[in-house]
Amino acid sequence: MSAIDSGELLYDALRFAFAGLLLLFLFQMARIMIREIDTGTRDQPEQMRPPAPLAWLIVVDGGASKLVAGSSLPVEGRVTIGRAGECDIAVDDGSVSSVHAAVFAENEQWYVEDFASMNGTWARGRPVEGRNPLQDGDLLQFGRVQMRFLC
C-alpha cells in the first residue's frame, strides 16, 4: 500500500465520519424542535387564550348616537353604559346619562342596574328601579337607545 492510497483512505473515512455526524446533528435538532412544538401547544396557559364573551348587547335602535343597529357589543362580567368616556359602552346620545346603567352577572344570574339616570332604564317595557334580573332576549332601553340582551 502506497502513501497515496493510505491518504485517500483516511480522507474518505473522515468524509464519511463527518457526514454521519452531520446527519446525527440534524436528527437531534429535528427531535428537539418536534418536542418543543408539542410542549408549547399542549401547555399553553389559560390566560393566554382570550376569554369568550358571556353575553351580548345587540343594538336595536341607536337613537341619536353613532351606534349602528345590528352591531354586537360583548358583555364580560360587568359593563357600564353611559355618555362618559370611562364607561365600558359609550353612548353619545343626549337622552343617556353620563353613567346611566350597568349590566352584570352575579351568582350565575344576569342583572341590569339603573344609576338614577335622568331618562331611565327600561327592561321588557318596564322601568328598572335599582337592579332587575335579565333573561335571554330581553329588550333594554337606555334613554332613547334600545338594545337586545343575549346570553
Side-chain angles (χ1 to χ4, degrees), residues 12-151:
D12 287 341
L14 287 174
R15 249 183 21 181
F16 285 120
F18 179 74
L21 286 173
L22 184 61
L23 286 174
L24 182 63
F25 173 76
L26 292 174
F27 174 74
Q28 290 294 348
M29 289 303 293
R31 256 184 62 213
I32 290 170
M33 286 175 33
I34 290 170
R35 186 175 58 223
E36 289 297 316
I37 290 171
D38 183 45
T39 302
T41 56
R42 184 181 48 219
D43 295 338
Q44 185 177 12
E46 285 296 318
Q47 62 267 29
M48 297 290 289
R49 297 182 189 133
L54 300 174
W56 295 91
L57 289 173
I58 310 299
V59 178
V60 175
D61 182 358
S65 75
K66 295 176 185 167
L67 292 174
V68 178
S71 59
S72 303
L73 307 168
V75 179
E76 294 181 37
R78 178 183 181 87
V79 295
T80 54
I81 299 154
R83 280 193 339 266
E86 63 266 9
C87 288
D88 300 307
I89 298 175
V91 180
D92 57 340
D93 183 298
S95 68
V96 177
S97 297
S98 295
V99 182
H100 195 101
V103 174
F104 60 96
E106 188 175 281
N107 298 327
E108 298 183 23
Q109 171 65 52
W110 286 95
Y111 295 92
V112 61
E113 182 176 6
D114 182 69
F115 295 140
S117 61
M118 182 66 78
N119 292 311
T121 301
W122 296 71
R124 295 183 301 278
R126 296 185 180 157
V128 171
E129 295 177 9
R131 72 166 51 177
N132 281 30
L134 287 174
Q135 298 171 359
D136 186 40
D138 280 352
L139 183 64
L140 301 175
Q141 186 167 337
F142 310 98
R144 290 185 297 249
V145 177
Q146 294 181 347
M147 299 180 186
R148 178 131 352 246
F149 174 76
L150 301 175
C151 63

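- Every pair passing salt bridge (Lys or Arg N to Asp or Glu O under 4.0 Å) that includes a residue from residues 139-151 is listed here, sequence neighbours excluded: D93-R144.
- Residues V79 and E76 share a closest heavy-atom pair of CG1-N, 4.3 Å.
- Residue pairs meeting the ring-ring contact (aromatic ring centres under 6.0 Å, His included) criterion with at least one member in residues 110-137, sequence neighbours excluded: F104-Y111, W110-F149.
- Scanning for side-chain hydrogen bond (donor to acceptor under 3.5 Å, both in side chains) contacts around D138 gives R124, with sequence neighbours left out.
- Residues A123 and V112 come closest through the heavy atom pair CB-CG1, 4.3 Å.
- One distance of note links CD of Q28 with CE of M33; it measures 13.0 Å at 0.5 Å rounding.
- Here C151 contributes atom SG and Q109 contributes atom CD; the two are 8.5 Å apart, rounded to the nearest 0.5 Å.
- Among all heavy-atom pairs drawn from T121 and A101, the shortest one is OG1-CB, 3.7 Å.
- Of all non-hydrogen atoms in A90 and A84, the two that sit nearest each other are CB-O, 4.2 Å.
- Under the 4.5 Å side-chain criterion, counting only non-hydrogen atoms from C-beta, S117 is not in contact with V96.
- The distance from atom CG of D88 to atom CD1 of I81, rounded to the nearest 0.5 Å, is 8.5 Å.
- Here CZ of F18 is found 10.0 Å from CG of L23. Values are rounded to the nearest 0.5 Å.
- No side-chain donor-acceptor contact under 3.5 Å links H100 to the backbone of T80.
- The salt bridge (Lys or Arg N to Asp or Glu O under 4.0 Å) contacts involving residues 24-33 comprise nothing, where partners must be two or more places apart or lie in separate chains.
- Under the 4.5 Å side-chain criterion, counting only non-hydrogen atoms from C-beta, L134 is in contact with L140.
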Distance-only donor-acceptor pairs under 3.5 Å for side chains of residues 65-74, two or more places apart:
| from | atom 1 | to | atom 2 | distance (Å) |
| --- | --- | --- | --- | --- |
| S65 | OG | G62 | O | 2.6 |
| S65 | OG | L67 | N | 3.2 |
| S71 | OG | V68 | O | 2.7 |

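- Take E106 and apply the side-chain hydrogen bond (donor to acceptor under 3.5 Å, both in side chains) test, not counting sequence neighbours, and it matches R131.
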